[in-house]
S.K.: 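Here's a structure for you.
Computed from heavy atoms alone, side chains included, the values below leave out hydrogens, waters and symmetry copies. Just so it is clear, the model here is predicted, and its values are computed rather than measured.
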Amino acid sequence: MCTNRIIVLIDMDCFYCQVEENLNANWKGKPLAVVQYNQWRGGGIIAVNYPARDQGVTRHMRGDEARKKCPDIILAKVPQVRGKADISKYRDAGKKVADVLVTFTQQLERASVDEAYLDITNIVDKRIQEGNDIITRAQLPNTLVVGSTTEGFIENVTQNRTFDEYNFKLALGGVIAEEIRRKVLEVTGYKCSAGIAHNKILAKLVCGLHKPNKQTILPQEAVPQLYAEIPLKKVQGLGGKFGNKIMQRLGVKFMGEVTKFSQNELGKIFDEKSASWLYNIARGIDNEPVNARLVSKSIGSCKQFAGRAALCEKQEIEHWLNELAEDICERLTKDMKENNRKAHQIVVNFGQDDEVHSSKSYPMNSYDKGRIVSNGLKIIEKYCAKSDGTYRITFLGLSAGNFQEFKKGNEITSFFKNMQNNAINRKSIENVSALTNAENIADDNDSIYSRTTEEDSSIDTDSLIFYENINPESVTRDNCLNTAAAESIMNEVNCDISRDSIREEINTYEGISPMQTDEFENNEKPQESFFIKYFSTHFKSDLDTLKSNSDCEDTNCNDKSLDSDCSIQCSYCEKTIVSSEYQTHLDYHFALNLVKNESEPIMNPRAQSSRKKPVSPKKVSKKKVKDQSQKPLDAFFKNIRVIQDESSEVCKECHKAVPISELDIHKDYHLAKKLHFEINEKQQSKGVKRKLHEPKGILGFLQSSTTL
DNA sequence: CATGGTCAAATG
DNA sequence: CATTTGAC
């Protein structure tokens with residue numbers, strides 16, 4: 001059925017202008033436009049408010065033209081940072097709006113900085129179930145309906161609600177949309193418009209019918225009369241070449257005319273997919289789901305250098321790469337804090353002369369401006385240098401993507417999920433490495449995940465152990481590393497512990513261990529949690545290895561042409577690990593062991609086979625662990641149960657109940673967490689040149705704090 | 001120089 | 001993976 005969903009498109013009215021108006025009280029109500037790069041002909045207009053639109057000012061005008069049309073117009077300038085227009089102000093404002101929208105439903109797709117789709121079907125159904133479904137005119141004060149008056153529509157749906165269920169739901173959707181818009185205004189001070197329909201395309205189309213600060217409902221049966229007067233190019237997806245082709249080949253101008261063509265006829269003109277899409281859209285049918293997504297999938301920064309402004313010298317290119325890298329690094333760092341994730345890929349975009357833009361991507365494992373710039377420069381050199389050594393770069397861009405949730409995760413489920421994602425990602429990085437390795441460009445071309453070349457091109461089994469356990473087709477009780485497994489194990493143990501307790505434990509494992517390690521070694525404080533004991537005994541040898549390797553900057557990491565991390569040998573599997581990946585690698589062992597939950601705490605699946613035994617550090621830690629807890633997970637859960645039996649106090653910092661005996665540790669944890677963040681930050685802001693990249697995560701923290 | 005800078009998704 | 005398209 002094409003009418004079973006209720007979709008709302010929220011679109012902020014001339015958003016950038018509203019942001020400026022709310023920041024400058026005396027601009028309210030006056031004609032205003034937002035301009036960027038205001039030096040040339042008054043700058044380019046990127047937003048116009050409604051008073052200014054009334055005077056004929058439009059986008060695509062320069063500031064000077066706007067002033068001619070409307071002499072008293074206020075031209076708000078987008079600040080310029082690092083030679084580029086800085087739109088962070090509007091990004092932040094957009095996020096505030098999105099934060100309000102998610103409180104209504106998680107079924108939210110941010111379509112741009114100022115637009116979002118919401119699937120409110122569930123909210124509507126719930127209200128009907130609860131009987132909270134009386135619809136009055138007063139609840140739809142700023143609502144219009146395509147094809148009828150709002151009053152008529154309300155009367156119709158309330159009288160025929162059993163025969164006209166879908167329109168009743170649309171009306172209720174309208175009520176909810178009014179509430180959403182009211183809430184957005186109340187919390188953020190921004191006005192918006194909305195479209196309410198049965199799918200995204202229609203909601204979007206109809207949202208633009210009445211603006212600003214209004215919303216429009218589209219009953220499905222009103223589609224034909226709406227389409228009759230809607231230019232085809234107004235429909236989402238038909239504004240470009242495809243729309244032109246349709247108009248030309250079908251000889252149509254309005255959307256409604258497309259229904260004259262059968263699916264077969266369309267199939268002869270367009271490819272299969274386009275044809276059936278068009279056929280459906282022409283009938284108001286669009287099954288595209290609202291893809292729940294709050295945050296962007298990539299963060300990029302780019303700039304044009306048109307015509308004479310083209311970059312011709314390496315120094316210029318490096319300068320701009322630097323500006324772009326600074327921009328994305330700043331935003332990536334912010335993103336990491338806000339969204340608990342890290343980008344693992346970076347794309348260098350460039351355009352030369354009148355050629356089409358090109359792009360090259362490579363894996364990235366740290367937000368290091370210096371390395372991003374030098375790698376970018378290598379790519380530009382390789383692909384853009386002319387025979388005489390000069391350049392003509394007309395476009396330059398950097399974009400980071402392939403985000404994965406940060407290991408410093410919040411729940412045990414995401415902890416395991418990350419292990420899975422990371423491993424999958426490595427598999428793809430592996431392919432990249434094969435390409436970039438030879439060219440000495442990639443960050444990670446010497447990582448353990450690069451497959452060694454073999455004459456018969458079969459898969460290297462040593463590499464395989466890093467993801468064999470997560471192959472969805474071969475998930476077993478023993479070897480899987482995914483969320484389902486973690487949860488089933490939790491069920492098996494039949495624990496009645498809350499997620500918060502687990503999260504607390506995981507965080508403790510991540511944050512507090514340095515202090516606890518010291519204390520543990522001093523044989524004080526016997527009440528550490530399992531994770532702390534586990535870590536401080538189990539990973540101590542690796543810490544030592546790491547420390548002894550800390551001078552490798554002067555030894556094996558001095559290759560001038562190679563921009564890579566220095567490596568460490570893992571004492572559990574003897575693999576050579578890039579130091580910046582070492583934490584991840586250890587986490588892998590950690591999680592693997594945790595999931596196994598068997599009597600023998602073997603860290604490496606390989607060791608179970610007939611392969612030769614690992615070297616001594618492993619034996620040491622293995623023995624220690626055996627003494628303390630033979631079944632890590634059991635011990636972990638047991639530990640928590642004990643804790644929960646005690647009386648507890650609410651922590652002022654996080655407002656969670658903490659057992660009295662754990663209160664000191666808990667407070668230390670908050671302190672450690674803060675420290676941990678600071679250290680991470682320092683690592684990023686350091687303009688490191690050919691210097692050992694300090695390990696991230698807990699080892700980084702350990703090393704920093706123990707060498708201080 | 002002259003909308004420009006950011007995004008996402010489809011496609012080969 | 002790189003390119004193209006489309007939209008704000």
S.K.: Does a nitrogen or oxygen in the side chain of A/K204 sit under 4.0 Å from OP1 or OP2 of C/dA7?
M.R.: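 For A/K204, the contact criterion (side-chain N or O under 4.0 Å from OP1 or OP2 of C/dA7) is not met.
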S.K.: Could you measure between the two C1' atoms, the one in B/dG4 and the one in C/dG6, and give it in whole Å?
M.R.: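 So the two C1' atoms sit 16 Å from each other.
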S.K.: Do A/W40 and the base of B/dA2 stack face to face, with centres under 5.5 Å apart and an angle between planes under 30°?
M.R.: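 Stacked: centres under 5.5 Å apart, planes under 30°.
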S.K.: Salt bridge check, A/K204 against A/E115: does any charged N sit closer than 4.0 Å to a carboxylate O?
M.R.: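 Between A/K204 and A/E115 there is a salt bridge, with a charged N closer than 4.0 Å to a carboxylate O.
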S.K.: Whole-Å distance between C/dC8 C1' and A/Y117 OH?
M.R.: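 Going from OH in A/Y117 over to C1' in C/dC8 covers 11 Å.
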S.K.: Quick check on C/dA2: is either OP1 or OP2 less than 4.0 Å from any side-chain nitrogen or oxygen of A/S361?
M.R.: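 Looking at the OP1 and OP2 atoms of C/dA2, one of them is under 4.0 Å from a side-chain N or O of A/S361.
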S.K.: Report the distance from atom CG of A/L209 to atom CD1 of A/I230, rounding to the nearest 0.5 Å.
M.R.: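 Reported value, rounded in 0.5 Å steps: 5.5 Å.
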S.K.: Any base atoms under 4.0 Å from A/S358, or only sugar-phosphate, or nothing? Heavy atoms, all strands.
M.R.: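 The answer is sugar-phosphate, as A/S358 gets under 4.0 Å only of primed atoms, P, OP1 or OP2.
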S.K.: Please state whether the phosphate of C/dG6, meaning OP1 or OP2, lies under 4.0 angstrom from any side-chain nitrogen or oxygen of A/K233.
M.R.: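 No, because none of the side-chain N or O atoms of A/K233 sits under 4.0 Å from OP1 or OP2 of C/dG6.
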S.K.: Using OP1 and OP2 only, check whether a side-chain N or O of A/K303 sits under 4.0 Å from B/dG5.
M.R.: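 A/K303 to B/dG5 OP1/OP2: side-chain N or O found under 4.0 Å.
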S.K.: Base, sugar-phosphate alone, or nothing: which one does A/G43 contact when heavy atoms must sit under 4.0 Å apart?
M.R.: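 The answer is nothing, as A/G43 stays clear of every strand by at least 4.0 Å.
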S.K.: Any base atoms under 4.0 Å from A/R91, or only sugar-phosphate, or nothing? Heavy atoms, all strands.
M.R.: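 A/R91: backbone/sugar contact only, no base atoms under 4.0 Å.
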S.K.: Are any of A/Q304's side-chain N or O atoms less than 4.0 Å away from OP1 or OP2 of B/dG4?
M.R.: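 For B/dG4, OP1/OP2 do have a side-chain N/O of A/Q304 under 4.0 Å.
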S.K.: When the distance from NZ of A/K360 to C1' of C/dC1 is rounded to whole Å, what number comes out?
M.R.: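 Atom NZ in A/K360 sits about 9 Å away from atom C1' in C/dC1.
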S.K.: Pick base, sugar-phosphate or nothing for A/R59, based on heavy-atom distances below 4.0 Å to the nucleic acid.
M.R.: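 Result for A/R59 = base.
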S.K.: Under 6.0 Å from the six-membered ring centre of A/Y383 and within 45° of its axis: does the NZ or CZ of A/K360 meet both?
M.R.: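 Relative to the ring axis of A/Y383, which defines the angle, A/K360 lies inside both limits.
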S.K.: Does a side-chain N or O of A/S359 approach OP1 or OP2 of C/dA2 to a distance below 4.0 Å, or not?
M.R.: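 Negative; the distance criterion is not met.
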S.K.: Is the closest side-chain donor-acceptor distance between A/D119 and A/T121 under 3.5 Å?
M.R.: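 A donor-acceptor contact under 3.5 Å links the two side chains.
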S.K.: Is the phosphate of B/dA8, meaning OP1 or OP2, less than 4.0 Å from a side-chain N or O of A/S298?
M.R.: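 Yes, A/S298 has a side-chain N/O under 4.0 Å of OP1/OP2 on B/dA8.
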S.K.: When you measure from the side chain of A/Y37, which nucleotide among B/dC7, B/dC1, B/dG5 comes out closest?
M.R.: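 Minimum distance to the A/Y37 side chain belongs to B/dG5.
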S.K.: Between B/dA9, B/dA10, B/dT3, which nucleotide has the shortest distance from any of its atoms to the side chain of A/K273?
M.R.: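 Nearest to the side-chain atoms of A/K273, counting from C-beta on, is B/dA10.
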S.K.: So what does A/V356 touch, heavy atoms closer than 4.0 Å: a base, only the sugar-phosphate, or nothing?
M.R.: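 Sugar-phosphate, backbone atoms only, no base.
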S.K.: With a 4.0 Å cut-off on N to O distance, would you call A/E109 and A/K200 a salt bridge?
M.R.: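 Answer for the salt bridge query: yes.
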